Peer 1: 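Sending over a structure as structure tokens; questions will come in a sec.
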Amino acid sequence: MQTNNQPNPSDSPSGFGSSDSTGTANTPTASPQVSQKILPTAPLPESISQNIETIIALHRRSEKNVPQHQRFVETITIFFGRPVFLYSILLGIILWVIPNALPRRLGVPRFEEVPFPWLQFSLTAGSLLVTTGVLIKQERQEKLAEQRAQLSLQLNLLSEQKIAKLIALVEELRQDIPNVKNRFDPEAEIMKSPTDAHAIVDLLEETLASELANFSQEEISTQE
């Protein structure tokens, strides 16, 4: 006796091609969208947060002392550095030159003759204004950069003094511990005292001056 191995339509898996008792095919059910999980970020350490707040406070302090008219000039200067400013200049020159360069028989009215003195005057005045605005903003940026450089130098000198003090304390602690063999460390003895910044600057200037003198003498000898 043979068994019927043909699949029964009612036994098909639910969701695709299944039918109810009336014979009507069920539409496939859409799977629910998987919501993206936002991973919580770990809070920053207290030292990093304080450093960020200090930097923001310094930036606010520098921006607070800027006069309103200088802020207006710097806002316009930002537009000078964008590509749209270049495109506007090229478009203005084209719209100025083409109508004045076309033949008169075309009937296009001319408002300036070659060599376009008003165009040259406009470009010269615009260049002067752009240069002045850029110099105004650059001067303030240089002052801010100088202040930050001085602050960095002060912090570096303070860090170097703290490191020298720590080395001195470690050396004293090493000498006081009886289980540690007392020995003379010449490098630690030198690093115990902070570095003299003036001596380093003088040494750099002398070395640079001697190198420049030797280079100039070598150039003179090669030319002879």
Side-chain angles (χ1 to χ4, degrees), residues 45 47-48 50-67 69-83 85-86 89-90 120-121 123-175 180-224:
S47 59
I48 297 179
Q50 291 179 358
N51 293 336
I52 293 175
E53 292 177 358
T54 303
I55 294 173
I56 294 174
L58 291 174
H59 183 72
R60 287 178 179 174
R61 179 182 176 183
S62 62
E63 292 293 331
K64 184 179 180 180
N65 298 328
V66 179
H69 61 89
Q70 185 173 355
R71 195 183 303 275
F72 175 73
V73 172
E74 292 182 358
T75 303
I76 300 177
T77 307
I78 295 174
F79 176 73
F80 295 158
R82 296 179 179 176
F85 179 68
L86 174 62
I89 292 177
L90 294 177
Q120 295 179 10
F121 173 76
L123 293 177
T124 304
S127 301
L128 179 62
L129 294 176
V130 170
T131 304
T132 305
V134 171
L135 288 176
I136 290 173
K137 185 175 182 180
Q138 186 177 3
E139 181 182 3
R140 190 171 75 89
Q141 296 295 332
E142 288 180 354
K143 289 182 179 179
L144 290 176
E146 184 178 359
Q147 291 177 359
R148 291 170 183 172
Q150 293 177 358
L151 179 60
S152 299
L153 178 60
Q154 176 66 25
L155 293 177
N156 290 332
L157 292 175
L158 184 60
S159 299
E160 199 272 340
Q161 293 174 1
K162 290 181 178 180
I163 293 173
K165 184 63 177 178
L166 287 175
I167 293 175
L169 292 176
V170 170
E171 285 296 311
E172 291 180 2
L173 181 62
R174 183 178 61 83
Q175 294 175 2
V180 178
K181 182 180 179 181
N182 189 8
R183 61 183 181 84
F184 178 74
D185 191 350
E187 294 182 357
E189 191 67 24
I190 295 174
M191 297 174 68
K192 282 168 55 176
S193 58
T195 306
D196 189 1
H198 297 284
I200 294 177
V201 172
D202 294 338
L203 181 60
L204 288 174
E205 290 179 354
E206 292 177 0
T207 305
L208 182 61
S210 62
E211 290 292 335
L212 291 176
N214 294 330
F215 181 74
S216 60
Q217 290 179 359
E218 289 178 358
E219 284 188 347
I220 293 173
S221 61
T222 52
Q223 291 177 0
E224 292 177 355

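FYI, side chains are in, hydrogens and waters are out, and symmetry mates aren't considered; it's all heavy atoms of this structure. Remember, it's a predicted structure, so these values are computed and weren't measured experimentally. By convention here, the first residue in the shown sequence is residue 1.
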Peer 1: Between CG of Leu169 and CD of Glu172, what distance do you get to the nearest 0.5 Å?
Peer 2: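 Rounded to the nearest 0.5 Å, the CG-CD separation comes to 6.0 Å.
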Peer 1: Hey, what do you get for OG1 (Thr124) to CG (Leu129), rounding to the nearest 0.5 Å?
Peer 2: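 It is 11.0 Å, given to the nearest 0.5 Å.
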Peer 1: In this structure, which one of Glu142, Gln150, Arg148 forms a side chain to side chain contact (heavy atoms under 4.5 Å, CB included) with Glu146?
Peer 2: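 Exactly one candidate clears the test, Gln150.
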Peer 1: Is there side-chain contact between Leu203 and Thr207, with at least one heavy-atom pair below 4.5 Å?
Peer 2: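 Yes; the side chains approach each other to less than 4.5 Å.
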Peer 1: Quick check: closest heavy atoms across Glu74 and Ile136, and the distance to 0.1 Å?
Peer 2: OE2-O, 4.5 Å
Peer 1: Check the surroundings of atom CZ in Arg60: do more than 12 heavy atoms from other residues, nucleotides or ligands lie under 6.0 Å from it?
Peer 2: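 No, because the 6.0 Å sphere around CZ of Arg60 holds 12 heavy atoms or fewer from other groups.
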Peer 1: Quick check for you: to the nearest 0.5 Å, what is the distance between Lys137 atom NZ and Ile76 atom CD1?
Peer 2: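 Answer for the NZ-CD1 pair, Lys137 versus Ile76, is 12.0 Å.
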Peer 1: Identify the two heavy atoms, one from Thr222 and one from Glu219, that lie closest to each other, and give their separation to 0.1 Å.
Peer 2: OG1-O, 2.6 Å
Peer 1: Do Ile56 and Ile52 come close enough that some side-chain heavy atom pair is under 4.5 Å?
Peer 2: yes
Peer 1: Quick one, Gln147 with Leu151, criterion side-chain contact (heavy atoms from CB on, under 4.5 Å). Give me CA distance, side-chain angles, the key distance, then yes/no.
Peer 2: CA-CA 6 Å; Gln147 291 177 359; Leu151 179 60; over 6 Å; no
Peer 1: Rounded to the nearest 0.5 Å, how far does CZ of Phe215 lie from CG of Leu208?
Peer 2: 12.5 Å
Peer 1: Check the pair Arg174 / Glu171 against salt bridge (charged side-chain N to carboxylate O under 4.0 Å, His left out), numbers first and verdict last.
Peer 2: CA-CA 5 Å; Arg174 183 178 61 83; Glu171 285 296 311; 2.6 Å; yes
Peer 1: Mind telling me whether Phe85 and Phe79 have parallel, tilted or perpendicular rings, with 30° and 60° as the class edges?
Peer 2: perpendicular
Peer 1: Between atom CD of Glu211 and atom OG of Ser216, what is the distance when rounded to the nearest 0.5 Å?
Peer 2: 11.0 Å
Peer 1: How many angstroms lie between atom CD of Gln154 and atom OG of Ser159, to the nearest 0.5 angstrom?
Peer 2: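 Gln154 CD to Ser159 OG: 9.5 Å, rounded to 0.5 Å.
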